[in-house]
Structure formats: structure tokens, C-alpha cells
Amino acid sequence: SVSGADIKIAVRVPEWCDKYEGKTDKGYMYLDLCENKPVELDFTMETVLVEANPLVIADAGKYAVMRGPLVYCMEGVDNGSCIRDIRIDADSKFILGDVSEFGAPIIKINAYRRKATTKLYYPKADNYEKTVATLIP
């Protein structure tokens, strides 16, 4: 809320926000604020997979998990030591969990983990098992 007079303000709509109420012009939402009347903005934070540009060779075929402006990651402490062997099921829904020590919820999603083997070489096969991946902000 404001005090002193009615004013008009411009609020930048974040690029990651696809759902909001109001009209925008060049990325800004203009609001008329009346003295002592509270205003509340709600920028929905959807969880999405963000693909790396394939022209960046080191990142080709890789994705990040984002919720609003937050980037999430998998850590071995939550997912086992070989997290490089986990593949997120992109068709599965993200599930928001408890709020982490970072002030944002953890995310869980169905995934597949490569089954462990002691063989140096083996025939290509469907050697993945279902698991649930935990991601933290």
C-alpha cells in the first residue's frame, strides 16, 4: 500500500512468469495504487524443464529444472552417489515437497536410475529401474 497520494507504478513481469492477471506493455504491468489500499501481486511459479541451447556443445541434450527464478539440482546425499545415472521422466509431474532450509520447497519427480553392474562391457539393454529423484533449490 502507499500513503500520501494515489500513484501509478510500473512493475516488471519476470520472464519466467507465464500466468498473471493484468495487461502489460513492453514487459511492464502498470498499476494504479490508491492511498492506503493494499495491492497484492501473484506471479505463478510453475516448475519446468529448461533446455540448453544445442549450439553449446558441452550442454547439448541437457536440461535444468526451474521453478520461477530458482534453479534446482540433484545431490548425492538425496539421490545416491551416482546421480549421473539418473534420468528424469519428462512426462511425469513435478511434486512440491516440504520447504527446504533455503526457504523454497524441494521437488520430487519420477525418474529412472541405471542398474549397477560390475561388468566393463555389456550388451545394450533396458537396464534402468524406477526411482524418485529429489531436487533442491
Side-chain angles (χ1 to χ4, degrees):
S1 64
V2 296
S3 60
D6 295 350
I7 63 168
K8 185 174 200 154
I9 65 169
V11 176
R12 181 84 170 128
V13 177
E15 185 177 333
W16 49 260
C17 183
D18 291 331
K19 297 178 185 175
Y20 53 88
E21 289 185 25
K23 295 181 181 179
T24 60
D25 181 31
K26 296 181 183 174
Y28 287 89
M29 180 185 305
Y30 293 89
L31 305 169
D32 292 311
L33 301 182
C34 299
E35 184 174 11
N36 297 322
K37 299 267 176 133
V39 65
E40 184 175 306
L41 299 175
D42 183 12
F43 294 122
T44 303
M45 294 190 346
E46 299 290 332
T47 305
V48 296
L49 286 174
V50 178
E51 185 174 8
N53 187 319
L55 296 177
V56 180
I57 300 299
D59 294 338
K62 295 181 181 176
Y63 299 84
V65 175
M66 293 185 69
R67 182 171 180 266
L70 302 177
V71 177
Y72 279 74
C73 67
M74 283 191 287
E75 291 186 330
V77 69
D78 299 313
N79 296 286
S81 60
C82 291
I83 60 174
R84 70 173 182 267
D85 291 337
I86 295 177
R87 306 293 183 263
I88 289 177
D89 181 355
D91 295 326
S92 185
K93 299 236 184 273
F94 292 100
I95 301 165
L96 295 181
D98 295 332
V99 173
S100 71
E101 66 267 25
F102 304 109
I106 61 169
I107 293 174
K108 294 194 178 274
I109 188 168
N110 291 330
Y112 297 94
R113 177 189 302 279
R114 185 186 315 269
K115 293 177 187 175
T117 182
T118 57
K119 296 179 181 180
L120 183 58
Y121 299 101
Y122 51 91
K124 172 93 171 99
D126 183 18
N127 60 343
Y128 285 87
E129 57 193 359
K130 289 183 178 182
T131 189
V132 174
T134 299
L135 298 104
I136 63 165

May I have the step-by-step check of side-chain contact (heavy atoms from CB on, under 4.5 Å) for Asp32 and Asp6, ending in yes or no?
-> CA-CA 7 Å; Asp32 292 311; Asp6 295 350; over 6 Å; no
May I ask whether Val71 and Ile83 are part of the same hydrophobic cluster, defined by side-chain heavy atoms of I, L, V, M, F, W, Y residues being less than 4.5 angstrom apart, directly or through others?
-> no
To the nearest 0.5 Å, atom CD1 of Ile109 lies from atom CG of Asp91 at 9.0 Å
Could you tell me whether the side chain of Pro137 reaches within less than 4.5 Å of the side chain of Arg67, counting heavy atoms only?
-> no
Least distance between heavy atoms, Pro54 atom then Ala60 atom | O-CB, 4.0 Å
Whether Asp89 side chain and Asn110 backbone form a donor-acceptor pair below 3.5 Å = no
Please examine the side chains of Tyr128 and Lys115, heavy atoms only from C-beta on, and report whether any two atoms are closer than 4.5 Å.
-> no
Measure the shortest side-chain to side-chain distance between Ile7 and Ile9 over non-hydrogen atoms and say whether it is less than 4.5 angstrom.
-> yes
Beyond-backbone contact of Met74 with Ile86, side-chain heavy atoms, under 4.5 angstrom = yes
Where the side chain of Ser100 meets the backbone of Ala104, is there a donor-acceptor pair that is under 3.5 Å apart?
-> yes
Leu70 with Ile106, same ILVMFWY side-chain cluster at under 4.5 Å | no
Do Lys19 and Glu46 meet the salt-bridge criterion of a basic N to acidic O distance under 4.0 Å?
-> yes
Which heavy atom in Trp16 sits nearest to a heavy atom in Thr44, and how many Å separate them?
-> CZ3-O, 3.6 Å
Give a yes or no answer on whether the side chain of Arg113 reaches the backbone of Asn79 with a donor-acceptor pair at less than 3.5 Å.
-> yes
The reported gap from CZ in Phe94 to CG in Leu135 (rounded to nearest 0.5 angstrom) is 7.5 Å
One should read off an interatomic distance between Ile95 CD1 and Ile107 CD1, to the nearest 0.5 angstrom, of 10.5 Å
When rounded to the nearest 0.5 angstrom, what is the spacing between CE in Met45 and CE in Met66?
-> 10.0 Å
With hydrophobic residues grouped by side-chain heavy-atom distances under 4.5 Å, do Leu33 and Phe43 end up in a single group?
-> yes
Identify the heavy atoms of Ala10 and Tyr30 that sit nearest to each other, and give their distance.
-> CB-CE2, 3.4 Å
Please examine the side chains of Val50 and Tyr63, heavy atoms only from C-beta on, and report whether any two atoms are closer than 4.5 Å.
-> no
Would you kindly confirm whether Tyr20 and Tyr28 end up in one hydrophobic cluster when ILVMFWY residues are joined by side chain heavy atoms under 4.5 Å apart?
-> no
Taking atom CG of Asp85 and atom OH of Tyr112, what is their separation to the nearest 0.5 Å?
-> 16.0 Å
Where do Arg114 and Arg87 land on the side-chain contact (heavy atoms from CB on, under 4.5 Å) test, with the steps shown first?
-> CA-CA 8 Å; Arg114 185 186 315 269; Arg87 306 293 183 263; 3.4 Å; yes
With sequence neighbours excluded, tell me which residues meet side-chain contact (heavy atoms from CB on, under 4.5 Å) with Glu75.
-> Cys73, Val77, Asp78, Ile136
What's the spacing between Lys108 NZ and Ser92 OG if we round to 0.5 Å?
-> 12.5 Å
Determine, using the 4.5 Å side-chain heavy-atom cutoff (strictly less than), whether Val65 and Val132 are members of one ILVMFWY cluster.
-> no
